[in-house]
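In what follows, a single structure is set out as structure tokens and then discussed.
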Protein chains: 2
Amino acid sequence: MKEVAELLKAKGLKVTPQRIAIFHMLCNTVEHPSAETIYKSLQETHPTMSLATVYKTLDALKKAELVQELNVGEDSFRYDAKVHSHPHLICLSCNHVYDLHTDLLQDLREKVAQDTDFELFSEKIYFYGICPECQKK
Amino acid sequence: MKEVAELLKAKGLKVTPQRIAIFHMLCNTVEHPSAETIYKSLQETHPTMSLATVYKTLDALKKAELVQELNVGEDSFRYDAKVHSHPHLICLSCNHVYDLHTDLLQDLREKVAQDTDFELFSEKIYFYGICPECQKK
DNA sequence: TAGTACAGGATAGTCATTATTATTAAGGAG
DNA sequence: CTCCTTAATAATAATGACTATCCTGTACTA
């Protein structure tokens with residue numbers, strides 16, 4: 001919990017209970033929640049927190065590069081505290097979003113940059129399919 | 001123009017002037033337009049066409065797999081008549097979206113499927129950076 | 001050519017996100 | 001530690017992309 005506050009401060013963000021709660025929650029989940037989901041799951045511990053605060057905090061965290069925004073094709077964004085660029089796997093059955101840790105994409109950005117003369121900063125890579133759990137059903 | 005109608009019919013879609021216009025426009029652009037953009041650019045030739053028709057047509061084309069929907073992180077979707085899965089390059093300066101034709105990603109889906117035990121159907125890959133044009137400025 | 005199912009047009013509704021505004025609290029200076 | 005300034009929060013209204021509705025019109029089948 002302490003570290004969370006430190007990270008915020010290190011980025012020049014004012015440290016508030018709301019920001020700590022949201023960032024802490026994102027750091028300790030593997031779920032890639034949406035703003036709405038974050039809001040609901042913090043209702044218990046922070047019942048007075050406004051949904052607008054969640055959005056603004058996520059925006060602040062995003063700009064501070066403490067969080068990345070995922071765009072898996074749903075009607076809302078999801079958020080990931082693992083800010084290092086990595087691909088995601090989306091199960092079309094249970095709608096879970098999983099991190100993919102692989103070195104298959106290691107030099108990809110560099111190679112693409114060479115091929116296209118683009119100056120590349122980041123990439124978003126999403127794979128869509130059925131997760132092992134759902135395949136069993 | 002004829003082929004466009006044939007493609008629609010082949011997919012069991014009723015052939016209407018509006019659908020022809022929208023699909024034809026998508027087939028002959030490299031711009032990856034949004035629904036709004038499509039609507040505006042067809043105003044001249046089809047002034048009576050409703051925005052709702054654009055949305056409904058795009059939905060029909062998407063379901064018929066004649067078009068793919070892109071989600072580059074803007075507040076609206078873009079559409080691409082090149083339905084074969086291919087990566088896109090987004091210029092953060094001019095906001096243009098470019099197709100990337102490369103074989104760097106050839107066996108990627110297969111490898112990822114093996115690594116993760118997912119059954120994979122598709123992927124979306126976006127690279128973000130500055131295009132050669134904008135770099136000159 | 002007539003009938004029917006489905007597409008189009010107009011527009012109201014929905015829902016995620018953003019803007020607004022008054023209030024409150026964080027964090028630095030003294 | 002207390003005051004002050006600035007920025008964050010809460011509540012809520014507004015925005016804007018997209019969807020639903022509903023009635024009219026038209027593409028296709030026989």
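So you know, we letter chains A, B, ... as the sequences are listed, proteins then strands, and number each from 1.
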[X] vs [N]: side-chain N/O to OP1/OP2 distance below 4.0 Å:
X	N	answer
A/S76	C/dC15	no
A/T16	C/dA26	no
A/Q18	C/dA25	no

task = Among B/K62, B/R78, B/K63, B/K124, find the residue that satisfies the salt bridge (Lys or Arg N to Asp or Glu O under 4.0 Å) test when tested with B/E69.
result =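 Going through the options one by one, the only one that passes is B/K62.
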
inquiry  = Under 4.0 Å, counting only non-hydrogen atoms across every strand here, what does B/T48 touch: a base, just sugar-phosphate, or nothing?
reply    =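 Touches sugar-phosphate only.
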
Whole angstrom is fine here: how far is it from [atom1] in [X] over to [atom2] in [N]?
X	N	atom1	atom2	answer
B/K63	C/dC6	NZ	P	14 Å
B/L70	D/dA17	CG	P	17 Å
B/K56	D/dT19	NZ	P	11 Å
B/D59	C/dA7	CG	P	11 Å
B/L13	C/dG8	CG	P	10 Å
B/H46	D/dG25	NE2	P	19 Å
B/Y39	D/dG16	OH	P	16 Å
A/R19	D/dA8	CZ	C1'	6 Å

message = Tell me whether A/K82 at atom NZ has more than 12 heavy atoms from other residues, nucleotides or ligands lying less than 6.0 Å away.
response =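 Yes, the 6.0 Å shell around NZ holds more than 12 heavy atoms from other groups.
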
Taking only the side-chain heavy atoms of [X] (C-beta and beyond), determine which of [options] contains the nearest atom.
X	options	result
A/K14	D/dA11, C/dA5, D/dA8	D/dA8
A/Y55	D/dA27, C/dT18, D/dT9	C/dT18
A/A52	D/dT12, C/dG8, C/dG27	D/dT12
B/M49	D/dA27, C/dG9, C/dT20	C/dG9
A/D75	C/dT17, C/dA16, D/dT19	C/dA16

ask   = Any side-chain heavy atom of A/L100 within less than 4.5 Å of one from A/I125?
value =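 Answer no - side chains too far apart.
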
task = Establish whether B/M25 and B/L7 are linked, either directly or via other cluster members, by ILVMFWY side-chain heavy-atom contacts under 4.5 Å.
result =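 Per the 4.5 Å side-chain linkage, B/M25 and B/L7 are co-clustered.
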
key: Toward the 5' end of DNA chain D, by each residue's nearest nucleotide, B/F77 or A/T53   =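 It is A/T53 whose nearest nucleotide is closer to the 5' end.
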
query = Parallel under 30°, tilted from 30 to 60°, perpendicular over 60°: which one fits the rings of A/H86 and A/H101?
reply =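 Geometry flag for A/H101 against A/H86: parallel rings.
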
Upstream residue (5' side of DNA chain C) when B/G12 and B/L51 are each assigned their closest nucleotide =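 Counting from the 5' end, the first nearest nucleotide belongs to B/G12.
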
ask   = When the nearest nucleotide of DNA chain C is assigned to A/K9 and to A/K62 on a heavy-atom basis, which residue is associated with the more 5' position?
value =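 That would be A/K62.
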
